[in-house]
Amino acid sequence: MEGPTPQARTFDVYPYSLDTLLQLISGLSPLNSKEAIAAKAHSVYLDGYLREIRANTIVVEKEYIDKDYLEDFAAYYVKCFRDYPKTCSRLHFFEVEFNVDDFESLLAGSTARLKAQQLQQSYCGFVVIKPLPQTIIGRTCLRTYSSSSSRSYPVARKFRSHLFGIHLTIDETLPFQEQDNVVAACATSALWSVFQATALEFQHALMTPVEITRAATDHFPAETRMIPNRSGLSTAMMAHAIRSVDLEPVLLSLRADEDATLRANVYAYLSGRIPLLMGVRLYDLSMPKGQEFLGHHAVAIVGYNLNANAVGSQAAPDFQLKAGRIDKLYAHDDQIGPFARMAFDGLTVQLENPDGSIATSQSLSTSWPASDGSTTKVRAVPTMLLVPLYHKIRIRYEDAFESVCDFDGFLATIRHVVGETVVPRLEWDIRITDVNGLKQDIAIGGTITQAARLRWLTSSMPRFMWRATAATGQARVFDLLFDATDIHTSDGVHAMLCYDPTVEALLRTIATNPVLSGITDLPNGARKVLGWLGANPSAAA
Amino acid sequence: MTMQESELKKLAEQALKHLSSDKGKKELREAADKSREATESIRRARYIDPEHLNQRFTV
């Protein structure tokens with residue numbers, strides 16, 4: 001039996017460099033010159049990113065069928081007079097250094113020069129190259145920067161890819177792609193990345209960019225033409241796209257004069273593995289005549305950095321919220337790249353109000369290129385957050401926040417009497433969690449007795465809870481759990497889980513003392529928590 | 001840190017006595033006010049300017 005007919009090689013291997021990357025992309029996407037690709041912000045960003053994750057070798061998969069592009073192609077490009085290809089190319093990046101002969105030997109069955117295991121262990125991820133003019137970055141899965149105690153990408157997940165029969169795994173990533181300006185705008189790309197995470201978390205169908213744009217605009221028949229999409233999506237359209245996958249959009253508007261709300265909500269949802277969409281206004285500060293408004297832009301927030309030494313803005317005086325220590329956000333910004341840094345660096349911009357007055361606004365750094373070529377002078381002013389929630393997450397963040405803040409106030413009052421050695425000053429970590437995440441955490445990290453561990457792990461709990469962990473330094477003192485599936489008129493406290501026996505015993509003694517019922521000035525949240533402790537005197541630890 | 005039950009009981013009684021006192025009540029009211037104010041600041045994010053809904057993200 002004859003083997004396959006000899007043909008041009010369907011792959012190539014190159015050592016990594018920016019010049020090689022640009023040359024390859026322009027060769028694979030011939031409607032773009034190398035210079036045009038070099039001028040894109042993605043090129044500079046990806047080069048820095050790939051160097052950081054130690055990409056040393058590129059394997060080019062010359063023909064790759066990408067589902068997202070294929071859907072976009074079927075919906076639009078195939079009907080163009082010009083003959084756009086239906087296949088893409090894919091660039092794979094590896095830390096290990098090898099050449100085309102090593103790789104060819106491996107594929108032919110010899111492992112003397114290169115082993116599949118070496119590829120698997122050093123895989124950095126891939127970038128799909130689309131055969132379109134200007135907008136070329138397709139589905140991109142690159143591993144995150146090496147983890148640290150401060151940097152966190154809660155929605156990143158394990159991702160598998162296959163290269164000529166070799167199974168490859170990226171331990172931690174979330175797919176990214178650039179808008180094509182035809183079937184997708186920036187908001188579409190941000191939604192697409194967000195759905196990559198929520199589809200897994202809440203089991204909904206994955207949508208391609210063209211499907212997202214259609215779902216977003218289905219209910220707006222009087223709007224201007226949506227495909228080709230030259231005018232972007234509105235907030236309401238993005239909310240409709242979220243509804244189309246059976247999730248509930250929660251819209252939060254952000255004020256220019258404070259950023260505590262942004263940090264608190266990003267932390268609360270993202271650490272519960274729910275990504276957020278953030279709308280920003282972009283300003284270029286490099287213009288000779290002052291700042292220039294570039295437009296409204298949407299990104300997907302997929303990570304954050306907690307600065308242990310930061311004194312971040314706090315939601316209330318003397319109320320220490322862990323979220324206040326967020327000093328950087330990581331965003332899938334379709335005009336820049338995956339996991340792009342946006343820092344709370346204290347710089348402000350001047351905004352003109354509708355009445356002509358000038359207001360100073362907090363802003364975030366971006367990696368956008370400014371008109372003078374620098375990448376530090378385009379600022380983002382956050383205007384809104386859009387959170388895609390599973391329908392059973394009903395109780396709002398601020399309801400849990402208020403109860404926690406009330407209880408913290410009660411603890412501060414008794415701290416004056418019993419001392420900080422008994423009731424220490426606390427930092428609060430408020431986040432959404434599901435029952436499995438909570439139980440897994442109790443199973444691996446709790447400092448509770450065996451009996452308590454057994455009781456908590458086997459007890460029935462709501463699927464979603466607001467979890468407020470009170471800690472002093474690295475030591476957890478207790479968790480307050482609020483049933484997030486409840487009705488808002490209920491007292492909401494599901495349980496209190498104590499790690500510190502002294503605090504637990506003191507609070508239980510107070511909660512069961514009849515004198516407590518006569519203290520009418522007790523903040524409502526404190527009454528709820530103490531009420532639960534009084535009704536469950538032995539269940540906290 | 002663990003404490004004797006009698007010590008804890010004494011501390012709990014002192015705490016309750018403070019909470020029942022005028023000073024303690026005042027502190028509790030101030031704590032509730034601070035909490036309300038902080039929550040209201042976060043809750044304000046729910047008030048959506050209709051203009052926001054139609055804002056197009058275009059760049």
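Quick caveat: nothing in here was measured; it's all calculated off a predicted structure. Proteins get letters first, then strands, A, B, ... in listed order; numbering begins at 1 in each.
Note on A:Val404, A:Asp399, A:Leu507: by heavy-atom pairs under 4.5 Å with chain B, the leading option is A:Asp399. Counting heavy-atom pairs closer than 4.5 Å to chain B, the top residue among A:Leu251, A:Val515, A:Leu254 is A:Leu251. Heavy-atom pairs under 4.5 Å with chain A were tallied for B:Ala45, B:Ser20, B:Ala31; the largest tally goes to B:Ala45. Ranking A:Asp334, A:Asn265, A:Thr383, A:Asn181 against chain B, the residue ahead of the rest is A:Thr383, based on heavy-atom pairs under 4.5 Å. Between chain B and the residues A:Ala236, A:Ala185, A:Ala505, A:Ser231, the most heavy-atom pairs under 4.5 angstrom are made by A:Ser231. Among B:Leu53, B:Asp49, B:Leu11, the residue with the largest count of heavy-atom pairs under 4.5 Å with chain A is B:Leu53. Options B:Gln14, B:Lys25, B:Arg43 differ in how many heavy-atom pairs under 4.5 Å they form with chain A, and the most are formed by B:Arg43.
Here the OG1-CG distance, from B:Thr39 to A:Asp406, works out to 7.0 Å after rounding to the nearest 0.5 Å. Taken to the nearest 0.5 Å, the CE atom of A:Met278 stands 10.5 Å off from the CZ atom of B:Phe57. Interatomic distance, CZ of A:Phe401 versus OG of B:Ser41, reported as 8.0 Å (0.5 Å rounding). Remark: B:Ser35 OG to A:Phe319 CZ distance equals 7.5 Å, nearest 0.5 Å.
The backbone N or O of B:Tyr47 lies less than 3.5 Å from a partner atom in the side chain of A:Ser253, making a donor-acceptor pair. Listed for the A:Thr235 side chain is a donor-acceptor partner under 3.5 Å among the backbone atoms of B:His52.
When side chains are defined from C-beta on, B:Glu40 does not count as touching A:Glu398, because their heavy atoms never get closer than 4.5 Å. Residues B:Val59 and A:Trp368 form a side-chain contact, since some pair of their non-hydrogen atoms from C-beta on lies under 4.5 Å apart. Between B:Gln55 and A:Met384 the shortest side-chain heavy-atom distance does not fall below 4.5 Å.
Between B:Leu16 and the options A:Thr509, A:Ile414, A:Asn513, A:Val417, a side chain to side chain contact (heavy atoms under 4.5 Å, CB included) holds for only A:Asn513.
Contact of A:Leu385 with chain B is not made at all, since no heavy-atom distance falls under 4.5 Å. Proximity to chain B is limited to the backbone of A:Leu294, based on heavy atoms less than 4.5 angstrom apart. Using a 4.5 Å cut-off between heavy atoms, A:Arg396 touches chain B through backbone and side chain atoms alike. At a 4.5 Å heavy-atom cutoff, A:Ala412 makes no contact with chain B through either its backbone or its side chain. Only the backbone of A:Val280 comes within contact range of chain B, with at least one heavy atom under 4.5 Å from a heavy atom of that chain.
Heavy-atom minimum distance, B:Ala12 versus A:Leu506: N-CD1, 3.7 Å.
Residues forming a ring pair (Phe, Tyr, Trp, His ring centres under 6.0 Å) with A:Phe482 (at least two apart in sequence, or on another chain): none. Qualifying side chain to side chain contact (heavy atoms under 4.5 Å, CB included) partners for A:Thr413, counting only residues two or more places apart in sequence or in other chains: B:His18, B:Leu19, B:Glu27, B:Leu28. Applying the ring pair (Phe, Tyr, Trp, His ring centres under 6.0 Å) criterion to A:His416, with sequence neighbours excluded, gives no partner residue.
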Inset, instruction - Given side-chain contact (heavy atoms from CB on, under 4.5 Å), test A:Val250 with B:Arg46 step by step and report yes or no. - result: CA-CA 9 Å; A:Val250 171; B:Arg46 298 271 178 178; 3.3 Å; yes
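There is no side-chain donor-acceptor pair under 3.5 Å between B:Arg56 and A:Ser234.
Below 4.5 Å, heavy atoms of chain B meet heavy atoms from A:Ile519, A:Asp521, A:Leu522, A:Pro523, all part of residues 517-524 of chain A.
Heavy atoms from other residues, nucleotides or ligands lying under 6.0 Å from CD of B:Glu5 number 12 at most.
By the 4.0 Å N-to-carboxylate-O rule, B:Lys34 lies too far from A:Asp408 to be salt-bridged with it.
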